[in-house]
Amino acid sequence: MIRKSHISSGAQLAIGCFASICRNHLGDELLDFARQCPDVELGMHEMPRASLLPALAKGELALAILPETQWSGALPSAELWQDRVMVAAHRAHPLAQLSTIMPERLSGEVFLVSRQGHGGDMHRFLTQRILPDEPSLDTMLVDLDQGALMEAVAARRGIALICASHCDDIGPAVAMRPVRDADFAVRAYWNDDAPQGPLAALIAILTTGQMDG
């Protein structure tokens, strides 16, 4: 059965993303789409992870981009890139001396978490990738954006969890170390079994050869 989105293939497509996970992605792809479909406006909406697929299923979004997830309804999807959970710590921190961090090593550490945007939602997701069956990691909420959060890590105010795809432009005082067995796929989901027009063009651009992680 073909599920029809309430969003037409006309002048606008609404794209939902989880917690800035696309921050260092999509730029080149969206430029390609703009060249192919110059009359179509893309609306990018940052949303909580739990809200994306319900909004997509109701036709409020044309496309949703988020980490691979369980969903009660069957939605077409494609993997865009592989990501992983990293720990950001000052280079003098004991964790920075490790090549790979075992999940249990993080118990007892205090993590800086931004109050801004969906910082808490992102931290909870990354924590679940590390210790899915354990209590939440200890956190300290701070009123800092992502850039200022990394500056706080560089100033030895604490450590933080971050996606590997967000590690560009991290200052030299901060070490990024992968957490063992904490990889995850980022996928695009859409609501039509046979997408047409601009949506089909956007999906093709996003999925051709997959995107670099």
Side-chain angles (χ1 to χ4, degrees), residues 1-7 9 12-34 36-37 40 42-86 117-132 146 161-168 178-213:
M1 180 180 70
I2 297 178
R3 294 175 294 276
K4 292 297 184 183
S5 170
H6 297 165
I7 301 173
S9 59
Q12 187 174 49
L13 289 176
I15 311 301
C17 299
F18 165 60
S20 298
I21 205 162
C22 305
R23 186 182 66 198
N24 293 349
H25 289 274
L26 303 185
D28 291 341
E29 288 76 16
L30 295 184
L31 284 175
D32 287 346
F33 177 80
Q36 287 191 28
C37 303
V40 178
L42 288 180
M44 301 296 293
H45 305 277
E46 186 175 318
M47 300 171 62
R49 183 166 54 108
S51 301
L52 282 162
L53 294 187
L56 178 66
K58 289 188 291 185
E60 296 169 0
L61 297 172
L63 195 76
I65 301 175
L66 66 156
E68 189 168 31
T69 186
Q70 297 291 328
W71 173 246
S72 58
L75 291 170
S77 70
E79 181 178 316
L80 300 185
W81 70 85
Q82 281 283 325
D83 219 321
R84 71 187 309 180
V85 184
M86 308 285 285
H118 299 282
D121 193 10
M122 188 66 174
H123 179 81
R124 285 189 295 273
F125 166 72
L126 297 177
T127 298
Q128 290 167 3
R129 298 301 307 169
I130 298 169
L131 299 167
Q146 185 64 34
L161 295 179
I162 189 172
C163 297
S165 61
H166 291 178
C167 289
D168 293 344
V179 181
R180 182 174 178 180
D181 298 330
D183 297 352
F184 59 93
V186 176
R187 301 185 69 87
Y189 296 80
W190 55 94
N191 198 41
D192 293 344
D193 289 323
Q196 302 294 321
L199 179 57
L202 178 59
I203 293 169
I205 291 170
L206 294 177
T207 58
T208 299
Q210 296 190 1
M211 299 164 61
D212 293 335

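In what follows, residues are counted from 1 in the order of the sequence shown. Model, not experiment: these values are computed from the prediction.
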Inspect the surroundings of CZ in R180 and state if more than 12 heavy atoms from other residues, nucleotides or ligands are less than 6.0 Å away. no

Could you tell me which non-hydrogen atom of [X] sits nearest to which non-hydrogen atom of [Y], and how far apart they are?
X	Y	answer
L53	A64	CD2-CB, 4.3 Å
P195	D192	CD-O, 3.4 Å
C37	A201	SG-CB, 4.1 Å
F184	P67	CD1-CB, 4.0 Å
I130	V85	CD1-CG1, 3.6 Å
T207	I203	OG1-O, 2.7 Å

Below 4.5 Å, heavy atoms only, C-beta onward: do [X] and [Y] meet side chain to side chain?
X	Y	result
V40	L202	no
D121	F18	yes
Y189	T69	yes
L61	M47	yes
L63	L13	no

Walk me through whether E68 and S77 qualify under side-chain contact (heavy atoms from CB on, under 4.5 Å). CA-CA 9 Å; E68 189 168 31; S77 70; over 6 Å; no

If only atom types and distance count, is the side chain of D83 paired as donor or acceptor with the main-chain N or O of S165 below 3.5 Å? yes

Tell me whether E46 contacts the main-chain N or O of M44 through its side chain, where contact means a donor paired with an acceptor under 3.5 Å. no

Sorted by chain and number, sequence neighbours left out, salt bridge (Lys or Arg N to Asp or Glu O under 4.0 Å) with R129 holds for none

Any residue meeting salt bridge (Lys or Arg N to Asp or Glu O under 4.0 Å) with D181, in chain and number order, not counting sequence neighbours: none

Those residues that, when tested against S51, pass side-chain hydrogen bond (donor to acceptor under 3.5 Å, both in side chains) (two or more places apart): none

Quick one: pull up [atom1] in [X] and [atom2] in [Y] and give me the separation to the nearest 0.5 Å.
X	Y	atom1	atom2	result
I205	L31	CD1	CG	10.0 Å
L126	I21	CG	CD1	7.5 Å
F33	D28	CZ	CG	15.5 Å
H45	I15	NE2	CD1	8.0 Å
R49	F125	CZ	CZ	5.5 Å
R84	C163	CZ	SG	12.0 Å

